[in-house]
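Owing to the predicted nature of the structure, the values given are computational and were not obtained by experimental measurement.
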Amino acid sequence: MDARSRSNALVVPGLVALVVVGAVAVPLLGAIRTLGGGIAGTATVAVIALAVGVLVHGRAVWRAPILWFTVAFSVLFVARPMADRSLGDVERQFGISIGATYGRALGLCAVGLLAFVVGYLVAGGRPRRSLAPPDPPIEVVRARSRRAALVCGGLFLAFLALNGGPGLLLQFFRGRSVVTGTALQSSSGYLYTAPLWLYPLGLYIYLRERFAEPLPHRRRRPGFGIALMVASQIATVGVGDRSYFVPAALGFLVARQAARAKAPRVAAVLAVGAGLVVVGILLPLNYRANEVSGGRLGAAIEVTRDQLSSKPWLVPLQGQDTAMARNLAIEVGVIPQGVPYAKGRSYLAALARPVPRQVWPGKKPRSADEELNDVLLFRQLGIPAGFAFSFFGEPYYNGGLIGVVLVSALVGAVSRRFFEHTFRRGEPLRHSTLTLYAASLPMLIVYMRGGLGVDYQRHAFVTVPLIVVLALARAQAKRGRSRKAAYAGLVRSRSESRGVLVGQSSARSGSSHATPSSSAGS
C-alpha cells in the first residue's frame, strides 16, 4: 500500500477521531478546574504532537508544520502559564478575574491542538501530481520584479508625501510615536505596506540565483534578491513590528536550508532561536517603546541587557505579547454566557477588510480581535485595547468548542497537504513552491498569537505578490516562445518557398539551354 492509499485509509478513522475528540472534550473541560490541570493537559498534548511529528517526518521534522505549530503552542500555552504560576500572577487580567477560567481556557487549547494533530494525520499521503507549473526564466522574473519594485516604491513615496514628506521616514526608525501612529491610521494600508510585497520576490530570486543549476555564461547574482528582501522591511524594523520581520527572517533561513537539502544542527537552531528572541523580539519591543528608549538604539540595548541579566528565561514570557492564554480566559468566562456566539460573522467580515476605506468610507467589518476587545474590554472597562486572543479565540468566539475542533483540524490538514506538495519524493524541488512554503511556514507563529481572520493579510503579503509576478512572467515567456516559433516558422516557409522558386528557375533555365543543343545536334 502506497502513501496515498494509506492516507485514504485514514480518512474514516480520522473523522471518527474528530468525533471522539469532540465527545471527550466536553467532560474534559468540565474536569479541568485549576491552572495546574490546564498546564498538565496542554503539556501532555504538546508532547504527543511532537512525538507524532518525529514519527511521521523523521529528520525532516524541522521543516514540518506540526513542529512549528506545536512549538508556538508550547510557548504561549505551556511556558507562559508556568511562568504566571511561578510568579503567582494567575488571578486577574485587566482587572477581570480569571482564576476560575484560566485552566478551562488551557483545556480548550489542548483540545484544539489534538484536533490539529488528527487533521494533520488524516491529510497525509503523496499528491498524485504537482499543481505548480514550471518556473519561468529567471531573466523574465527579474525584469518583472524590477517593475514591481518601482510600483511599490512609488506607493510608499506617495504615503510619505501625503503625510509630511521625507521626515516621516526618519520617524519610522525612532520607534512608535504619535506621528507614525497618526500617519498609519489616516492612510490606506495599500500605501505603507507596499514595501512588504517585495519580500517573496526577493526570496524567490535569491533561491534561483544562489541554488539553481549554474549556467556557464552567467555568474550567480543573489544580491538583487537580498536587496529586495532588505527593502521590504524598511517600514517595519524601526517601529518594532515583529510580526513582519521575524517571519521574514525565519522564512529566509528555512528556504536556504531546504534548498541546501541539509537538516540544521541542533546547536545552530538553539543559537539562531536565542538570537531571534533577543534581536527580533526583545530589542524591537524596547526600542519601539519611546518611554523606555526615547527613540535611541543604545538605550534599548541597555534595557534589554538589564532584562537578560536576571532570570533571562522569564523575560520573553512576560507582558502582553505572550498573554494570549490570559486573554482567552476572559473570553471563555464571558462567551456564551454574556455574549452570544458570532456564528461565523467575524470570518465573513474579514473577507471585506481588503476593501480600502477610501472606496468604502463607512466600512464597519472588524476582525474577531477588534470585536472581542470592544465587547470584553472597552465596553466594560473603558480600555481602548488591541490585545490578541490566540489562534483558538476566534473559532471559539464563532462556534464554541465545535468551532475550535473544526478550524484546528482544517488548518492541520491544509498545512500537511502543503508540506507534501512542496517536498515531493523523487522529484526536484521547485523554487517557486519552496518560496511560498518557506514564507508561509513561520506564519503559523503569527496565527497562533492572533488567528486566521485576524492575520491573514500578513500571509497574503508574502504569497500573493510572488504568485502574480510568476503568472505574468510565465505568460510573457509563453508569448516570447510563441513569437519565436512563429518567426522560425515564417523563416522556414520563406526558405522553402525560395527553394521551390530556385528549383523552378533552374528547371526553366535547363530546358532553355537544352533546346539549342538539341537543334544543333539535329
Side-chain angles (χ1 to χ4, degrees), residues 65 68-73 75-77 109 112-113 116 184-185 189-190 192-197 199-200 232-233 235-236 239-251 254 276 280-281 284-285 288 320-325 327-328 331 342 344-356 363 365-374 385-398 403-404 407-408 410-412 414-415 418 436-467:
W68 289 67
F69 192 87
T70 305
V71 170
F73 175 93
V75 172
L76 296 182
F77 304 112
C109 299
L113 178 57
F116 176 90
L184 295 178
Q185 292 177 2
Y190 291 99
Y192 58 79
T193 62
L196 294 170
W197 307 349
Y199 167 74
S232 70
Q233 303 300 312
T236 62
V239 294
D241 202 336
R242 297 158 298 168
S243 296
Y244 291 114
F245 169 71
V246 173
L250 290 174
V254 170
L276 278 178
I281 297 179
L285 176 63
R288 75 183 187 185
Q320 291 303 316
D321 285 340
T322 56
M324 287 75 216
N327 299 337
L328 184 61
E331 180 183 350
R345 184 180 67 250
S346 71
Y347 289 111
L348 293 176
L351 298 178
R353 286 166 56 200
V355 180
K363 185 176 69 170
R366 300 183 298 177
S367 66
D369 276 6
E370 291 173 328
E371 292 189 10
L372 289 172
N373 277 290
D374 182 28
F387 302 115
F389 294 84
S390 83
F391 171 84
F392 307 103
E394 185 178 23
Y396 182 79
Y397 175 52
N398 283 275
V404 172
V407 171
S408 300
L410 177 63
V411 173
V414 171
S415 61
F418 197 6
L436 294 175
Y437 179 82
S440 301
L441 185 62
M443 292 304 301
L444 291 175
I445 302 174
V446 178
Y447 285 139
M448 185 61 69
R449 296 183 69 250
L452 297 178
V454 177
D455 291 316
Y456 79 94
Q457 77 281 359
R458 302 178 187 269
H459 197 171
F461 289 148
V462 298
T463 53
V464 174
L466 179 61
I467 295 174

**Q** Could you check D369 against F387 for side chain to side chain contact (heavy atoms under 4.5 Å, CB included), going step by step and ending with a plain yes or no?
**A** CA-CA 7 Å; D369 276 6; F387 302 115; over 6 Å; no
**Q** If you look at every heavy atom in S390 and F77, which pair is closest and at what distance?
**A** CB-CZ, 3.5 Å
**Q** Give the intermediate values and the outcome of side chain to side chain contact (heavy atoms under 4.5 Å, CB included) for residues L452 and V407.
**A** CA-CA 9 Å; L452 297 178; V407 171; 3.9 Å; yes
**Q** Any non-hydrogen side-chain atom of V446 less than 4.5 Å from a side-chain atom of P247?
**A**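 Sidechains of P247 and V446: in contact.
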**Q** What I'd like to find out is whether the side chain of L436 reaches to under 4.5 Å of the side chain of I467, using heavy atoms alone.
**A**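 A side-chain contact under 4.5 Å exists here.
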**Q** Can you list the residues that meet the side chain to side chain donor-acceptor pair (under 3.5 Å) rule with S408, with sequence neighbours excluded?
**A**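 Side chain to side chain donor-acceptor pair (under 3.5 Å) check on S408 returns nothing, list empty.
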**Q** Taking only residues two or more places apart in sequence, or in another chain, which ones meet P195 in a side chain to side chain contact (heavy atoms under 4.5 Å, CB included)?
**A**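 Result, side chain to side chain contact (heavy atoms under 4.5 Å, CB included) vs P195: F156, I234.
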**Q** Without swapping roles, check the side chain of R449 against the backbone of D321 for a donor-acceptor pair under 3.5 Å.
**A**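 Side chain of R449 to backbone of D321, a donor-acceptor pair under 3.5 Å: yes, one is there.
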**Q** Would you say Y396's side chain and L328's backbone share a donor-acceptor pair under 3.5 angstrom?
**A**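 Not confirmed, Y396 side chain does not pair with L328 backbone.
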**Q** Check N327 against A388 and note the closest heavy-atom contact, atom names and distance.
**A**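 Closest approach of N327 to A388: ND2-O, 2.8 Å.
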**Q** Please check: side-chain N/O of D455 versus main-chain N/O of Y447, any donor-acceptor pairing under 3.5 Å?
**A**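 No: the side chain of D455 does not pair with the backbone of Y447.
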**Q** Please report the shortest heavy-atom distance between N398 and A342, naming the atom on each side.
**A**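 Residues N398 and A342, closest heavy atoms: OD1-CB, 3.5 Å.
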**Q** Testing the basics here: between A368 and V454, what is the closest heavy-atom pair and its distance to 0.1 Å?
**A**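 Where A368 meets V454 most closely, the heavy atoms are N-CG2, 4.3 Å.
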**Q** Using the rule given for ring pair (Phe, Tyr, Trp, His ring centres under 6.0 Å), can you reason through F389 versus Y397, listing the C-alpha separation, both sets of side-chain angles and the distance that settles it, and then say yes or no?
**A** CA-CA 10 Å; F389 294 84; Y397 175 52; 9.0 Å; no
**Q** For P395 versus G403, what's the shortest heavy-atom pair and its separation?
**A** CB-O, 3.5 Å
**Q** Could you check whether F116 and F73 have their ring centres less than 6.0 Å apart?
**A** no
